[in-house]
Amino acid sequence: MRIFKFGGASVKDAEGVKNVVEVLRQTGHDNTLLVVSAMGKITNAMEAVVNTYFEDKAKLLPILQEAIDYHHAILTDLFENPGHPIYKKVKTLFDEVQGFLAWNKSPKYNFVYDQVVGYGELVSTTIISAYLNEIGITNNWLDVRDFIKTDNSYRDVSVNWEKTQERVSQKIDTKKLNITQGFLGSDDNNFTTTLGREGSDYTAAILAYCLNADSVTIWKDVPGVLNADPRYFKETQLLNNISYREAIELAFYGASVIHPKTLQPLQQKEIPLHVKSFIHPKDAGTTVGRGVGIEPKVPCFIVKKDQVLMKLSSLDFSFIVEDSISALFKLFHDHRMKVDLIQNSAISFSVCVDNRFGRLQELLQLLRSRFNVVCQEGVSLYTIRHFDEKAITSLQNGHEILLEQRGKETLQLVVKSPSPSTAKC
């Protein structure tokens with residue numbers, strides 16, 4: 001049994017869907033489970049629907065119509081017959097979105113977000129499943145919410161592994177070609193939950209773990225795992241092999257190719273992970289598996305944009321000790337701030353956090369009641385794994401360094417944004 005995961009870039013239009021078919025024809029599709037994301041940037045579009053719902057309901061339908069029109073254009077490119085049943089299926093899914101927003105009484109943003117945003121995945125897999133059947137590749141469409149069970153911490157849930165294992169192992173016929181959604185699950189009340197942005201990779205890993213899959217392949221628009229993001233760095237290099245441990249380190253620091261939670265279930269059962277190009281499916285790509293380090297061993301660059309750097313100091317110049325630090329981390333947790341870097345002295349505490357849930361102002365109000373706080377938004381956090389002097393110099397030149405932290409294998413720099421130009425590895 002193989003798990004193939006296709007992200008939004010691979011199915012952003014009709015040609016992308018047809019290319020998925022080409023990948024399946026070149027690699028085979030027996031005993032395969034496809035995990036597919038929302039098409040293109042539709043997750044962003046559905047987030048805009050949620051934001052408009054809370055900010056200005058009068059503008060809601062035009063915003064939603066943009067998402068409907070985007071998918072309709074793909075449908076007309078794939079299905080010449082306007083009477084094909086797929087048109088009605090897609091309309092029904094968007095009618096469900098409108099229906100939910102009409103009757104919903106919950107004021108909780110995260111709950112509404114999970115009920116709405118996941119329709120991107122439901123629509124994309126419905127379209128692709130129908131197209132595969134249309135061209136003779138018989139497949140079974142699965143609603144992943146029937147299989148992956150979670151708690152109700154909407155937008156950032158934890159998986160109930162026992163319930164998920166039971167449902168997956170009993171209800172998925174691994175002899176067929178199956179297609180399902182990434183990113184989604186459901187709670188005990190069968191409300192939709194999401195695994196966090198980019199969570200489709202994690203979905204693939206969860207299903208692979210529960211099915212004892214032979215491998216997971218993530219199909220990307222890059223040749224594999226590179227030593228840096230080509231959007232921000234020049235002269236990137238393909239990593240041929242990476243150990244689970246090294247990949248977890250890279251993911252922890254923010255490498256965008258692999259979702260941070262993806263590797264843990266795969267490592268437990270030593271299921272290899274392949275990252276390959278959907279443009280050149282026969283190329284080797286990158287394999288993540290059991291082994292030592294990375295090959296080739298070169299500096300790896302990671303950047304996280306739009307971070308927040310805070311420097312806290314005690315109001316009375318008293319020491320910041322264990323009790324204070326414990327209270328700080330509880331506040332970060334309660335406000336769902338991901339802590340990316342910390343550095344402390346006797347009377348000060350510096351922390352770089354990711355304000356992904358937009359709760360910074362709430363947090364700052366509480367912090368300022370207990371500490372002197374200097375806050376700088378919009379900074380960038382650069383991490384270099386396996387750094388050398390050339391790699392350090394390439395980042396330091398032209399950047400205003402706000403904070404530096406160095407270990408044996410890893411260097412982290414918080415720099416003032418915007419960066420002046422594309423950095424060179």
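- Among residues two or more places apart in sequence or in another chain, the side chain to side chain donor-acceptor pair (under 3.5 Å) test is passed with Asp30 by none.
- Shown are Val20, Thr217, Ile218; of these, the side-chain contact (heavy atoms from CB on, under 4.5 Å) with Phe4 is made only by Thr217.
- With 3.5 Å as the limit, one finds a donor-acceptor pair spanning the side chains of Asn212 and Lys269.
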Validation: residues 362-377 side-chain donor-acceptor distances under 3.5 Å, sequence neighbours left out:
residue: Glu362; atom: OE1; partner: Arg359; partner atom: NE; Å: 3.4
residue: Glu362; atom: OE1; partner: Arg359; partner atom: NH2; Å: 3.1
residue: Ser369; atom: OG; partner: Leu366; partner atom: O; Å: 2.5

Open item on the list: Could you go through Thr236 and Asn227, starting from their C-alpha distance and side-chain angles, then the distance that decides it, and tell me whether this counts as side chain to side chain donor-acceptor pair (under 3.5 Å)?
Closed with: CA-CA 6 Å; Thr236 58; Asn227 73 320; 5.0 Å; no

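- Classification of the Phe6-Trp219 ring pair by plane angle, with boundaries at 30° and 60°, yields parallel.
- No option in Thr262, Ile206, Val216 other than Thr262 meets the side-chain contact (heavy atoms from CB on, under 4.5 Å) test with Asp201.
- For Asp229 and Lys304, the salt-bridge test fails: no basic side-chain N is under 4.0 Å from an acidic carboxylate O.
- Between Phe233 and Phe301, the angle of the ring planes lies from 30° to 60°, which puts this pair in the tilted group.
- In the model, Ser200 has a side-chain atom that pairs as donor or acceptor with a side-chain atom of Ser37 under 3.5 Å.
- Trp141 and Thr125 are linked by a side-chain donor-acceptor pair at a separation below 3.5 angstrom, with hydrogens and angles left out of the test.
- The residues Lys163 and Glu166 are annotated as not salt-bridged, no charged nitrogen and carboxylate oxygen being separated by less than 4.0 angstrom.
- Taking the ring centroids of Tyr154 and Tyr113, they lie at or beyond the 6.0 Å cut-off.
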Task: Evaluation steps, side chain to side chain donor-acceptor pair (under 3.5 Å), between Ser345 and Ser348 - done: CA-CA 5 Å; Ser345 66; Ser348 69; 2.7 Å; yes

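- Relative orientation of the His71 and Phe94 rings is tilted, given thresholds of 30° and 60° on the angle between their planes.
- Within the 6.0 Å centre-distance limit, the rings of His72 and Tyr87 are counted as a close aromatic pair.
- Using a 4.0 Å cut-off between charged nitrogen and carboxylate oxygen, Asp143 and Arg145 count as a salt-bridge pair.
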